[in-house]
Amino acid sequence: MIFVLILAIVITAIGFILGTLLTINIPTVYYSFISVVLLALTDSLLFGLHQLREKKPDAWKIIFRLILELFFGCFIIFFGDQGGLDLYLVAAIPLGVSIMFNIHVLIMNNNSRKKI
Amino acid sequence: MISKKENTNDNPGTKIRDVDYLWQHPEIVVIILILAFLIGLILSLPFKVLKEKETKSFILGSRQDLINQVLALSKEKDELKDALMKEREQLGSLEQSLGKKEKEGKLLLQRFRDASLLAGVRAVSGKGIILRLEESDENIPAGEEIAPYLIHHEDLLNITNELWAAGAEAMAIRSHETIERIVVSTAIRCAGPVVNINNQPMSPPFEILAIGDPKGLRQALEGPGRVLQPLAFFRISYSIKESDSITLPPYSGAISTQFITPAEDNPDGGDGQ
């Protein structure tokens, strides 16, 4: 578990470095979409770690969760843009709550394991 | 497959067992690592924006450098304007000498004068009106938007449009010490707190000087449903002064043509034919 976590951090760092080196330019108008994508990715990653910790891994669940979050998050923002409403927070808050929940579960499991 | 012993939380297991367990589910590890990579890529985006900003500020230099650049450019612009006016004066003296020479020369001179009169590159005078627009000094009622109480470029555009329609033959807009002649290429644009007229920043109070029939011009602006009525509602004060002699300066900017040519030079005609 720790091994995967460290590997994930290293890969994130590699992605970050590559991202700064590559010339990918995304218009700032899409930044609300990008932030929801970031939250969805983080949530799915933590969910994957959570599954590993629980030793109930299911790759399809992670992929399905990610697609669902991306779809609904982007749909809410797009729908808000069309109607002239800033619905970004409506999409971001549930994802934030979900991330916090996953972190909480990971920490709690870790503590309960130590007690045993 | 995972053994029953490994698949329970009751068994804390060793690090070796954890690694073994991971090897049994490589797809989860791959997914997690792909997600981590994508997160890293996305996280780099704001830093790239910051980096670009830093690069731009490095190129442009400090605020003081920018001010110096603006001052130097405006000085250069003034010098170029003076040079242009001198060139036009020289052109005027050439016109005079041409008019003295021959009959054809006189005719040519007359046509040139008419054209320059209409183009606005010659100072003109005649009777007309002076419309003064001023924003209110009074406090705006609490909770109301300030925008309608200000003079906008649309107001100047509407007024000049009405004046042209009412038969104005020449126009200029004055603001403080600056006066700009309205010519065919004049653009009246909003530039934040000021209005750019012929790319010259101008601020209220504005004076619109128009040569034409004073009564007709006044009637085109004043009265119910006319262009000045909504301005008066928002406490923008105006006054119209009729004058027998208004002198408008020539257009001081450059007039350059890049694409237009006389139609007779194009015997095939164009899409507009």
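Throughout, protein chains are lettered first and strands after them, A, B, ... in sequence-line order, and every chain is numbered starting at 1.
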Can you find a pair of side-chain heavy atoms, one from A:Leu45 and one from B:Ile31, that are under 4.5 Å apart? no

Residue part contacting chain B, namely of A:Ala13, when any heavy atom lies under 4.5 Å: neither

B:Ala36 and A:Ala8 have their tightest heavy-atom pair at CB-O, 3.4 Å

Partner chain B: residue of A:Val37, A:Ile11, A:Leu49, A:Ile14 with the largest heavy-atom pair count (under 4.5 Å): A:Ile11

A:Ile62 versus chain B, the contacting section by heavy-atom distance below 4.5 Å: side chain

Can you tell me if OH on B:Tyr149 sees more than 12 non-hydrogen neighbours from other groups inside 6.0 Å? yes

Checking side chain to side chain contact (heavy atoms under 4.5 Å, CB included) between B:Ile42 and each of A:Leu39, A:Thr42, A:Thr12, A:Ile34, which is the one that passes? A:Ile34

Do B:Ile39 and A:Phe16 make a side-chain contact, defined as non-hydrogen atoms from C-beta onward lying under 4.5 Å apart? no

Crowding at CZ, B:Arg235 (>12 non-hydrogen neighbours, <6.0 Å): yes

Does any backbone or side-chain atom of B:Ile32 lie under 4.5 Å from a heavy atom of chain A? Answer side chain, backbone, both or neither. both

If every non-hydrogen atom of A:Ala59 is compared with every non-hydrogen atom of B:Ile28, which pair is closest and at what distance? N-CD1, 3.4 Å

Least distance between heavy atoms, A:Gly15 atom then B:Leu41 atom: O-CD2, 3.5 Å

Where does A:Ile17 contact chain B at under 4.5 Å (heavy atoms): side chain, backbone, both or neither? neither

